[in-house]
Every structure is written in structure tokens, then in C-alpha cells.
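Letters A, B, ... are given to chains in the order of the sequence lines, protein chains preceding strands, and every chain is numbered from 1. Just so it is clear, the model here is predicted, and its values are computed rather than measured. What you see below is based on every heavy atom in this structure, not just the backbone, and it leaves out hydrogens, waters and symmetry mates.
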There are 2 protein chains.
Amino acid sequence: MKFNIKDVAKRAGVSISTVSRVINSSKPVKPKTKDRVLEAIEELGYRPNAIARSLKVKHTQSIGIMVPDIANQFYPEVVRGIEDVANMYEYTIFLCNTDLDYEKELQYFTELEEKQVDGLIFMGNLISDALAKQMADAGIPVVLIGTQHDEMPSVTIDNAKAAKDAVCHLIQKGHQRIGIITGKMKDPLMGKARLEGYRQALQEAAISWRSELVVEGGYRFKSGYEGARQLLMLDEMPTAIFVASDEMAIGAMRAILEKGLRIPQDIAIMGFDNVDMAGKVYPSLTTIGQPMYEMGAIGTRLLTKYLQGEVVTASQVVLDYELIERESS
Amino acid sequence: MKFNIKDVAKRAGVSISTVSRVINSSKPVKPKTKDRVLEAIEELGYRPNAIARSLKVKHTQSIGIMVPDIANQFYPEVVRGIEDVANMYEYTIFLCNTDLDYEKELQYFTELEEKQVDGLIFMGNLISDALAKQMADAGIPVVLIGTQHDEMPSVTIDNAKAAKDAVCHLIQKGHQRIGIITGKMKDPLMGKARLEGYRQALQEAAISWRSELVVEGGYRFKSGYEGARQLLMLDEMPTAIFVASDEMAIGAMRAILEKGLRIPQDIAIMGFDNVDMAGKVYPSLTTIGQPMYEMGAIGTRLLTKYLQGEVVTASQVVLDYELIERESS
DNA sequence: TTGTAAGCGTTATCAA
DNA sequence: TTGATAACGCTTACAA
């Protein structure tokens, strides 16, 4: 019960080329025959086979998207942004979860390459050399979101500057003893850069660096909780904590609340990301808002430009963030 | 710089058929020639073209997945489950956000059909007649997750029973005056069924129904917040509220906390879903745990069975839920 | 304005 | 164990 272009041609009493022409409006067709074709298509419930078409035209109108873990708070929103504009430009998206595993990244890339995706959106940590090489060899346009690479277009925010602003905000609120729960130190953007911002803010305010106030975290709830507990055990507790991700910040809040301390009166908290949850917890979380949806949308728009051969002026776009003041500070 | 099977055949000094045979291990090839072919593949960096292959073999090793909104708390986890087992069975997934819009569902389905997906995972409300018809006509295997249809396989939980258990739990805790913030009343599963569970629990406990204690919500944070405020304005406030989704429950908690009331001492809260956030808010949320990852994984496993022509014994699987008692009750 | 036919990169049948 | 060759369903010169 599955028909092809030949079937409709026969039914309409025309050649397959005319059918093709009415499907794609690629060449003028006499209105009358066009109607006959349309009618035949309708009657048979014919659907063109995009696979066959792709084989011929050499593009698939599909793009791959690699993401560490869609179940992780941060990504769904940016994936939504990606999907919306991809859809707008008539692309469908292949979703791949890499778990930040270089092997998996490589393997998925190969799979996507074989499936002839027109382009790729990549999210994750640094791109491994092997992956970079394969991307270059494949000749598939790639845009990075939330990470950078010398030879690839990307959309990011200025993590160091954002972190600095965050800490400055705390300082302006009168805090002098400010703790930090960082990201992973081997992660240059979310880890090191945000710590660097913290350092700069303190320096500008002439607040001396105290190593007991910085604890390394790992982005997830639990490490925020544990990091905060560690900070709370100090003889002199911080009066504010800057936490390098919202999820950790919410873990930190729990640690504080469990101790019977008040937020922000006893300890102020500042997160990073503006994950959906940040505005919903109580007290709500003051944070650095990454424009997640926009990052996805703009990154994809950038990709479509490459795909359509448009000239792109800025290939490494860094977006504005926003300091969102809520109840926790 | 892109090679095809012909190029490697030439380079290896064999015919394209032998190359095909070594790629697919479909027929024995003399070890020596096999090595030559492998070598040629390696040297050229050849990648088989899956599109061409699909055209010939008539399947694409890809499945579509339609979800209302990936940015909505509930879905990322199930999508992760889907992707994991899809990947295990060598399928890649096309992700589509429908926004619960019948038009969009139809449109996406058509797109997926044209792209020749081997199967489809559908999440959303009731399937519209138009969609059901098109699915049947297309002859593409579909499995439903979180919703049902007479003629289609699905994986769900027993919403009414789960809701009843939830309310019984509240009753056991000594509550007699129990409010409910429901889902949408036009939604049979998450809306009506959960309300029905509430009704049954009250009835069994011989607690009389009071219409001022039931307010209709809409799943999202805001409607939970507003619903709770409405309940809190009653002359006799409820001592417990059963909320038909975690996100609403968290909105309800805010309304309560803002009034200076304590959870669970003044008002107990019970949610539904066990979204990631439920265990992270403070106080943490007692809720009905839907096995989201498993729903995705099992649904996809079911789909692969259809795709591989295996016999399936149970096509409408209803999974167990779990009452997760935390701090809010 | 329409039709014929070559070709996209594979797999699979058939013969050798 | 291998090689020629006809599909798969479409688009696109080129001819008519």
C-alpha cells in the first residue's frame, strides 16, 4: 500500500518527471495536468521518499546534535532552541547523548556522518583531537555551543566576566567573606574561567584570597551540598557563597537550610546558569542567566547560514548573560 | 575528498560487490582480499553512505520520537531512556517537539514518514483521529508512552490507582481535610484519572467530598501556586494537598511557604511524577514516582521487538509506580 | 510544457 | 570466492 512516483505518474497519465516537477514546484507545469497530478497524489496518499531524494540531491535536511546528557537540567532548554530554529529551516534533528565520553562522541559522529547529516551542533567539553580531525575530514559544518575551538564557529558567554559580575554583586551587597564552590578544575570554561572571575572580583575589591573558602565541585547537586557543608564547618563561615552551577547551588541551599540557617540573611547564595528550577525553589535563586534557548537558537541559525552558503561575519559569537537577582542574595 | 564504494573497489583491485561483502560481512570473502579491502577503506577514510544503503534495504535504522516539549521537566528523563536503548539496538532518533498541537503532530509525522523512519515513539495527550489514521496508513509501528489508544501498543502507569494510593497515604498520616490540585479536566489520564483516584480514596475512607477542596490546575508551576493560594483562602484550610504534578506541587509549596506556613507540619504536600527537582527542593517532595527512564527504555524495547518481527505478548504494558516518601508529608 | 533516460551509492541476484 | 548488473525512488539534463 506504499506508492512511489511511478504509481502516481501512471495514475495521472503523465511522466514521472512532471510528477516530480509538481511536487517540488521546480518547473512550470500546465495547471490542468498539475491538477491531475495533485489529484492522483491525493487519491493514492502518496508521500515522496526523502531518502531517495537525498541520495540524488546530496543533502538530507537533517542535522545532528550531540549533547552530554539531555536529562541534565541545563540542556533541554538549549535543545529546544535548536529544534525550533532547525524546524523553521526545515531540518530535523538527530539527538545523541555522549555522556562526555570521547569514545562515544567519535562513534556517534561516525554514525551521523554515514547518515549524511548536513551539519552538526556540538555541546560538551573540549573537543578531542581525534574528533576535531574527523570533523575536518568529513567536511561537515559544525557549530559549538558552550565550548570553543580555534577552528570552529561557536556560541558561548564570557564565563570569567560573568563570574566576576556575580561575585561583585555579592561584594556590593556588603559581603567580604565569600566562598566559592567551583566546577571541575580540568574544565577550562565552566571550571577554571568561573574561578578566575571570582579571583578577579576579589582582587579588584582588595579582598584577600583565602584558600579555605574555595572548594572544588562537580556541577551536580550532591557536590554542591557537600561543598557547602565543608564551608559551613569553617571557624569563620562565609557570609555568601558563589556556586558555579545552579544545581550545585540548590544542593548548597539545602545544606544551609538543614543547619537552620537562613538564606540570604545568614548566608547569601548565588548560582550560575538560570536553570528552570532556579526560579522555582524557595527561596528562589539569584543567578547568572545564560540565555540557553538563545544559545541553541542562535547556534543553529549560524549553522544554517553555513549550510546555505551565506557569508557569516562573526563565527565566534559570545552572547550576553544576565544577572538575575532573586531571593537568595 | 569523499569516496564511495567504487573508489575503494578500484583501489583494492576488486569489484564493488566484494567491498560490499566485507563491509557488511554478508558473505565469505577470502582473508587476503578482505585485508586488501580493509586497507583501502582505511587509506581512503571511506565511510559507507547510509542513505544509499537505506534506499536499497528499505529501512533506515532511525526512529522518530514526538514529545510535547523537551524543556518540560518530565520528558528529558524518558527521552534519555529511549535514546539509550535505541542506541543499543543501533537506531538513531529524530527528536520532535509538538507542543501538544495536533497540527504540528501531523506535520511532523508526515516529515518522519517521508524520511522513512522505521518506527515512532509518541508522547502526548490523546491521539487525534487524523493522526491515528495517518499512522495506520503509513504502516509505521508506533508505541505510545504515557498515553493510550485502543489499537496501539503503549506503556503507562495506572494513574487512578497511583493517585488513590497517594491520597490514602495522606489519610493514613491522619489527614481528613485533603485538597487537590488536578490536571486538566479534558485530559483523561493525568487529569481525570488522578482526580478519580482522589475520589476513590476519600470514598473508601468515608470522607465526604467537598467541592471547595478541588481546584483545577494545568501542570505548570504557576497553576500550582495559584491553586494553593485559592485553597489557603478557605475558611477551613486543608491540612494536606495532593497535587497532580510535581511542578505544580512545587508551586504550591511556594504559596504555602510564603504565607509563613510550615510543610508538612501545617500543610502536607504530595506530588506526582518524581521529576528530578522533587528530591532537590527543600523540603523535599513526597511524590508518586513514575519510572520515567524505564518508560522510555521499555517503550523503545517494545518498539524494537515490532521492528525485528519478534512476537510481542503484552502490547499494553502498565508499569509499577512507587510512592516516594520524603519531607513534605 | 512534457517525456526519456542517466545516475545518486548501495545491495543482492545470478553467473562464472 | 568473486564480478556484472539490475534494482531502490528520486531529480535533472537534454530532447522533443
Side-chain angles (χ1 to χ4, degrees), chain A residues 1-38 40-41 44-62 110-118 138-139, chain B residues 1-38 40-41 44-62 110-118 138-139:
Chain A
M1 218 54 94
K2 220 170 176 183
F3 300 101
N4 62 22
I5 202 173
K6 224 163 160 181
D7 297 317
V8 354
K10 193 179 301 171
R11 175 142 195 147
V14 299
S15 74
I16 62 171
S17 354
T18 28
V19 176
S20 173
R21 292 193 262 261
V22 346
I23 291 171
N24 303 298
S25 321
S26 49
K27 289 232 173 143
V29 169
K30 199 159 64 169
K32 219 162 187 171
T33 67
K34 181 174 174 179
D35 287 347
R36 282 219 313 284
V37 171
L38 258 13
I41 287 176
L44 298 180
Y46 165 72
R47 301 262 183 280
N49 181 325
I51 293 292
R53 172 165 216 283
S54 290
L55 180 58
K56 184 68 187 169
V57 301
K58 291 168 173 308
H59 59 256
T60 54
Q61 294 301 116
S62 57
T110 305
E111 211 165 299
L112 292 171
E113 186 185 353
E114 294 185 353
K115 289 202 170 166
Q116 314 293 121
V117 295
D118 295 338
Chain B
M1 219 52 95
K2 220 170 176 183
F3 300 101
N4 61 22
I5 201 172
K6 226 164 158 179
D7 297 318
V8 351
K10 193 179 302 169
R11 173 141 195 147
V14 299
S15 75
I16 61 171
S17 341
T18 35
V19 176
S20 175
R21 291 194 264 259
V22 345
I23 293 170
N24 303 297
S25 321
S26 48
K27 289 231 173 147
V29 170
K30 200 159 63 169
K32 219 163 187 171
T33 68
K34 182 173 172 180
D35 287 347
R36 282 220 311 285
V37 171
L38 257 15
I41 288 176
L44 297 180
Y46 165 73
R47 300 264 182 278
N49 181 328
I51 293 292
R53 172 165 215 282
S54 290
L55 180 58
K56 183 68 187 170
V57 300
K58 289 167 174 310
H59 60 255
T60 54
Q61 294 300 117
S62 57
T110 305
E111 213 165 299
L112 292 171
E113 187 185 351
E114 294 185 354
K115 289 201 171 166
Q116 313 295 120
V117 295
D118 296 337

Query - B/Thr33 vs D/dT2: side-chain N/O to OP1/OP2 distance below 4.0 Å - result: yes
Query raised in the report: If you check the B/Ile5 side chain, which of D/dG3, C/dT4, C/dT11 turns out closest?
Result: C/dT11
Query raised in the report: Are A/Ser20 and D/dT12 close enough that a side-chain N or O sits under 4.0 Å from OP1 or OP2?
Result: no
Requested in this report: Determine the contact category for B/Tyr46: base if any of its heavy atoms lies under 4.0 Å from a base atom, sugar-phosphate if only primed atoms, P, OP1 or OP2 are that close, otherwise nothing.
Outcome: sugar-phosphate
**Report entry** Of the listed nucleotides C/dG9, D/dT2, C/dT1, the one nearest the side chain of B/Val29
**Finding:** D/dT2
Query raised in the report: For D/dG3, does OP1 or OP2 lie under 4.0 Å from any side-chain N or O of B/Thr18?
Result: yes
Report summary line: Tested for side chain to side chain contact (heavy atoms under 4.5 Å, CB included) against B/Val19, the lone hit among B/Asn4, B/Val29, B/Leu38, B/Val14 is B/Val14
**Report entry** N or O in side chain of A/Asn24 less than 4.0 angstrom from D/dT11 OP1/OP2
**Finding:** yes
Query raised in the report: Has B/Asn49 got a side-chain N or O lying under 4.0 Å from the OP1 or OP2 atom of C/dG9?
Result: no
Requested in this report: Please work out if B/Ile16 contacts a base, only the sugar-phosphate, or nothing of the nucleic acid, heavy-atom cut-off 4.0 Å.
Outcome: base
Requested in this report: Take the protein atom NZ of B/Lys56 and the nucleotide atom C1' of D/dC8, then report the distance between them rounded to whole Å.
Outcome: 6 Å
Report task. May I ask you to verify if any side-chain N or O of B/Lys58 is less than 4.0 angstrom from the OP1 or OP2 atom of D/dG9? Result -> yes
Query raised in the report: Taking the side chain of A/Leu55 as its heavy atoms from C-beta onward, which of D/dG3, C/dC8, C/dG3 lies nearest to it?
Result: C/dC8
